[in-house]
Amino acid sequence: MYQAPRGTVDILPAEQSYWFYIRQKAAQTCQLYGYERIDTPIFESTNLFSRSIGKTTDIVEKEMYSFIDKGGKQITLRPEGTAPVCRAYIQHGMQNKPQPVKLYYTTPVFRYERPQAGRYRQHHQFGYEAIGDNDPALDAEVIDMAWFFFESLGLSKLTLLLNSIGCSKCRPEYLTSLRQYYHSYRNKLCVDCKVRLDKNTLRLLDCKKETCLPFAVTAPRSIDYLCHECKEHFRLLGGYLQQLGLPFLVNHCLVRGLDYYTRTVFEIQPQVGGAQSTIGGGGRYDGLIEELGGKSTPALGFASGIERIILNLKKQSVVIPPIHQPQVFIAHTSDRVKNEVTKLASSLRRASVGAFQTTSSKSLKAQLRQANNIGVRYVIIIGDEEIKTGAAILRNMTTGEQDIVSIAELLDKLLCQLQ
RNA sequence: GUGAGUGUAGCCCAGUGGUCUAAGGCGCCAGGUUGUGGCCCUGGAUAUCGAGGGUUCAAAUCCCUCCACUCACCCCA
C-alpha cells in the first residue's frame with residue numbers, strides 16, 4: 001500500500017477547519033497592516049538559498065530538497081520564504097515603489113529532516129516581509145503584527161523573546177570575544193559545540209545541553225557590543241514595544257539559525273510545549289537584498305509554522321468555527337423523480353442555498369441517516385406522490401416536524417428559515 | 001545522521017507459544033418500522049496480526065533482518 005512520503009501528511013477534511021481559520025486570520029491581519037499577498041514558485045535556483053541562508057547552516061548543508069532538472073539546472077524546493085520574496089522584489093523592480101514594500105505569503109516549505117512532533121519535511125508557513133525601511137518603528141510594527149495575529153487566533157500565554165545581534169560593522173568584534181570566551185572552556189564543551197566554535201560561533205549560545213548552558217549564561221552579550229546605530233535602533237525598538245504594551249523579554253542567547261539576520265531578532269513561544277516550542281520568529285536582514293544582487297536595502301520579516309499553530313490551538317483547546325456546509329439535503333423515494341430532484345438541487349444552489357442530493361438509489365431511511373450524520377438542518381423529500389401535486393416534504397431535522405410545500409415555494413421558504 | 005519506543009479491521013484496542021479459521025468498542029451497511037434520521041434491539045461486511053526469514057509438532061505471541069510510525073537529539077516553523 002502506498003503511503004504519504006515520510007514527514008508529510010494528508011490534511012484531511014476533518015482538519016481543514018483549522019487551516020481555513022488560520023489562513024483567514026492571516027489574510028485579515030495582513031489587510032489590517034497593509035500587506036499584500038505574493039506567491040512565488042515552490043522551487044528556485046539552489047543558489048538563491050545557499051547564498052541567502054548561509055552555506056554553513058544546517059538548512060543548506062543537509063536539509064534542502066535539491067535536484068537537477070532536465071535542463072541541467074540546480075533546483076531546490078523552497079526551505080524558507082524570505083529569499084524568494086527578496087528575489088521577486090529585486091526582479092520586479094519593487095525598489096521603485098513607495099517603501100517599505102509589504103508582502104505576505106502562505107506556502108509549503110520543504111526541509112529534509114527526521115520528522116517529530118511539530119516538525120515535518122513539508123510544512124506550511126505564513127510569513128510576511130517589510131522591505132525598504134530601516135526605522136525601528138517598522139520592527140515594532142512587524143512584531144506587533146505577529147503578536148496580534150496569534151492573539152486573534154485565540155492563543156494565549158505567549159512569550160515574546162527579543163535580541164539584537166548587530167550588523168556587519170559591530171558583529172565581527174562580538175564574535176571574536178565570544179569565540180575567545182568559549183575557547184577557554186573548549187574541553188568542557190559538548191561535541192557539537194566544539195564544531196560550532198569554529199563554524200558557527202553564534203549558535204554556541206543556543207545549545208540546550210545542561211553541560212553547556214552555564215557557559216551561555218555568563219557569555220559576552222551581543223547587545224554590549226552593538227555599534228552606536230545598532231544600539232540606538234534597539235533602544236528605540238524597545239521603547240516602541242513598551243508603548244504598544246508588548247511584554248517582551250530580552251534573551252541574549254536568541255540568535256536564530258539563518259545567517260542573513262542583522263540587528264533585531266525575535267521569537268514567539270507558547271509557555272508550555274514540546275521540543276519544537278517556537279511558533280513564529282523573524283528579524284531584520286538588512287544585507288540580504290544586496291547580497292542577492294539588489295541595491296543595499298534594509299528589510300525585516302516574520303514567519304510562523306501553521307502546523308505548530310494548530311498544535312497549540314489544540315493544546316489550548318481553542319474552539320475553531322466549522323467550515324460552512326450545505327444545510328439542505330434532498331432525498332427521493334423513487335428513481336422516477338430523479339429528474340425533478342436534480343433540477344431542484346441545481347436551482348437551489350444557484351440561489352445560494354447549498355444542497356446535498358442523493359444520486360444513487362438508497363432507501364429513504366438510509367438517506368435520512370446520511371442527512372443526520374452530515375448534520376443538515378432540513379431535508380426535502382420528494383417521491384411519486386409529491387411529484388403528482390408539484391409538492392415536496394420539508395422536514396426540519398432539529399424538531400422532526402415536516403410540512404408539505406409546493407416546489408415553487410420551497411426556495412423562498414428555505415431562504416427564510418435558513419436565515 | 002544518532003538514540004529510545006511502537007506496529008493487530010477506516011479508528012481505538014484485547015490477546016505474551018496450542019482454546020486465534022483473532023475478542024471488544026467506535027464507525028460503516030442492512031433489518032426491526034413494505035416512503036422517514038437521531039435512542040434501542042438484531043444481523044452483516046471489513047484483519048495476508050507492518051514485511052521477509054528463522055526456531056518449533058505448533059507463532060499475532062520467541063529470535064533475526066528490513067520497513068514504517070512516534071518521541072527525543074541535531075536544527076528550525
Side-chain angles (χ1 to χ4, degrees), chain A residues 1-9 12 14 22 53-54 56-64 78-82 106-127 146 150 190-193 195-196 200 203 206-210 254-258 261 267-270 273-282 301-312 329 331-334 337 362-387 392-402:
Chain A
M1 185 167 59
Y2 287 111
Q3 58 189 91
R6 174 155 229 210
T8 69
V9 291
L12 299 172
I22 292 167
I53 298 168
T56 60
T57 57
D58 276 36
I59 292 179
V60 170
E61 279 193 335
K62 53 185 195 192
E63 294 176 3
M64 294 208 299
R78 111 173 92 220
E80 64 105 35
T82 300
T106 55
T107 178
V109 169
F110 306 86
R111 290 181 202 170
Y112 187 87
E113 305 176 89
R114 283 284 283 270
Q116 66 187 77
R119 204 179 69 182
Y120 305 91
R121 289 186 173 179
Q122 175 180 346
H123 76 277
H124 298 76
Q125 291 192 358
F126 157 56
F150 289 128
C190 72
V191 196
D192 294 323
C193 280
V195 178
R196 291 187 185 110
N200 205 334
R203 297 222 63 89
D206 216 17
C207 187
K208 287 158 209 137
K209 293 229 168 57
E210 270 186 43
L254 179 64
V255 295
R256 312 278 300 156
L258 288 71
Y261 285 114
E267 265 181 32
I268 293 173
Q269 302 181 350
Q276 272 67 44
S277 51
T278 301
I279 55 172
F302 165 83
S304 59
I306 297 182
E307 285 82 354
R308 287 193 190 170
I309 292 173
I310 294 174
L311 211 62
N312 282 280
F329 188 102
H332 65 269
T333 61
S334 142
V337 301
K362 286 187 186 176
S363 70
L364 181 59
K365 185 190 179 113
Q367 294 177 74
L368 280 165
R369 191 164 43 227
Q370 189 182 352
N372 184 60
N373 287 349
I374 293 168
V376 296
R377 287 165 64 191
Y378 293 95
V379 172
I380 296 167
I381 303 168
I382 298 180
D384 290 320
E385 283 179 33
E386 286 73 28
I387 283 294
I393 296 168
L394 181 60
R395 181 177 178 83
N396 181 324
M397 292 297 276
T398 317
T399 63
E401 287 164 4
Q402 54 187 45

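Order of the sequence lines sets the chain letters (A, B, ...), proteins ahead of strands, with each chain counted from 1. It should be emphasised that the depicted structure is a prediction, and the values quoted were computed from it without experimental measurement.
- Between A/Gln116 and B/A72, a side-chain N or O to OP1/OP2 separation shorter than 4.0 Å is present.
- Summarising the base pairing, B/G31 is matched to B/C41 through a Watson-Crick or G-U wobble pair whose two defining distances lie under 3.5 Å.
- Between A/Arg111 and A/Glu80 there is no salt bridge, since no side-chain nitrogen of the basic residue lies less than 4.0 Å from a carboxylate oxygen of the acidic one.
- Using a 4.0 Å heavy-atom criterion, one finds that A/Ile309 contacts no nucleic acid atom at all.
- A/Gln402 contributes no side-chain N or O that forms a donor-acceptor pair with the base of B/G37 under 3.5 Å.
- Judged by Watson-Crick or G-U wobble contacts below 3.5 Å, the nucleotide B/A59 has no partner.
- Judged by distance alone, with hydrogens and angles left aside, the side-chain atoms of A/Arg308 form a donor-acceptor pair with the main-chain N or O of A/Gly118 at under 3.5 Å.
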With side-chain contact (heavy atoms from CB on, under 4.5 Å) as the test, would you mind laying out the steps for A/Ile393 and A/Glu386 before giving the verdict?
CA-CA 8 Å; A/Ile393 296 168; A/Glu386 286 73 28; 3.4 Å; yes

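- Side-chain nitrogen and oxygen atoms of A/Arg6 include at least one within less than 4.0 Å of the OP1 or OP2 phosphate oxygen of B/C69.
- Nucleic acid contact class of A/Ile381 (heavy atoms, under 4.0 Å, all strands): base.
- In this structure, A/Glu385 reaches the bases: a heavy-atom distance under 4.0 Å links it to at least one base atom across the strands shown.
- Rounding to whole angstrom units, CD of residue A/Glu113 and P of B/G1 are separated by 13 Å.
- Set against B/G3, B/U36, B/C76, the side chain of A/Arg203 has B/C76 as its closest nucleotide.
- Side-chain atoms of A/Tyr120 lie closest to B/A77 of the nucleotides B/A77, B/G32, B/C71.
- For the pair A/Asp192 and A/His123, nearest-nucleotide mapping onto RNA chain B gives the more 5' position to A/Asp192.
- Taking a pair to require two hydrogen-bonding distances under 3.5 Å in either a Watson-Crick or a G-U wobble arrangement, B/G1 pairs with B/C73.
- Among the heavy atoms of the strands, none lies under 4.0 Å from A/Gln269.
- In this structure, B/C49 makes no Watson-Crick or G-U wobble pair, since no nucleotide meets both defining distances under 3.5 angstrom.
- For the pair A/Leu364 CG and B/G38 P, the computed distance is 12 Å after rounding to whole Å.
- No contact: A/Ala331 has no heavy atom under 4.0 Å from any strand.
- Residue A/Thr398 is in base contact, counting any heavy-atom pair closer than 4.0 Å across all strands shown.
- A/Gln3 places its CD atom 11 Å from the C1' atom of B/G7, with the value rounded to the nearest Å.
- Comparing A/Glu267 and A/Lys62 by the nucleotide of RNA chain B whose heavy atom lies nearest to each, the residue mapping closer to the 5' end is A/Lys62.
- Donor-acceptor pairing under 3.5 Å is recorded for the side chains of A/Thr278 and A/Glu267.
- Donor-acceptor pairing under 3.5 Å, judged by distance alone, is absent between the side chain of A/Gln367 and the base of B/U36.
- A/Gly400 comes within contact range of at least one nucleobase, with a heavy-atom separation under 4.0 Å.
- Put simply, A/Asn396 has no side-chain N or O that comes within less than 4.0 Å of OP1 or OP2 on B/G37.
- For A/Asn372 and B/G37, a side-chain-to-base donor-acceptor distance below 3.5 Å is present, hydrogens and geometry of angles not being considered.
- Distances shown here put every side-chain N or O of A/Arg114 at or beyond 4.0 Å from the OP1 or OP2 atom of B/G3.
- Among the atoms of the strands shown, base atoms are found under 4.0 Å from some heavy atom of A/Arg395.
- B/U6 and B/A68 make up a base pair, with Watson-Crick or G-U wobble contacts both under 3.5 Å.
- Between the CD1 atom of A/Ile53 and the C1' atom of B/A77 there is a distance of 13 Å, given to the nearest Å.
- Between the side chain of A/Gln125 and the main chain of A/Thr106, no donor-acceptor pair closer than 3.5 Å is present.
- Counting only heavy atoms from C-beta outward, the side chains of A/Leu368 and A/Arg395 approach each other to under 4.5 Å.
- No side-chain N or O of A/Thr398 forms a donor-acceptor pair with one of A/Arg377 less than 3.5 Å apart.
- Residue side chain A/Arg369 does not reach the base of B/G38 through any donor-acceptor N/O pair under 3.5 Å, judged by distance alone.
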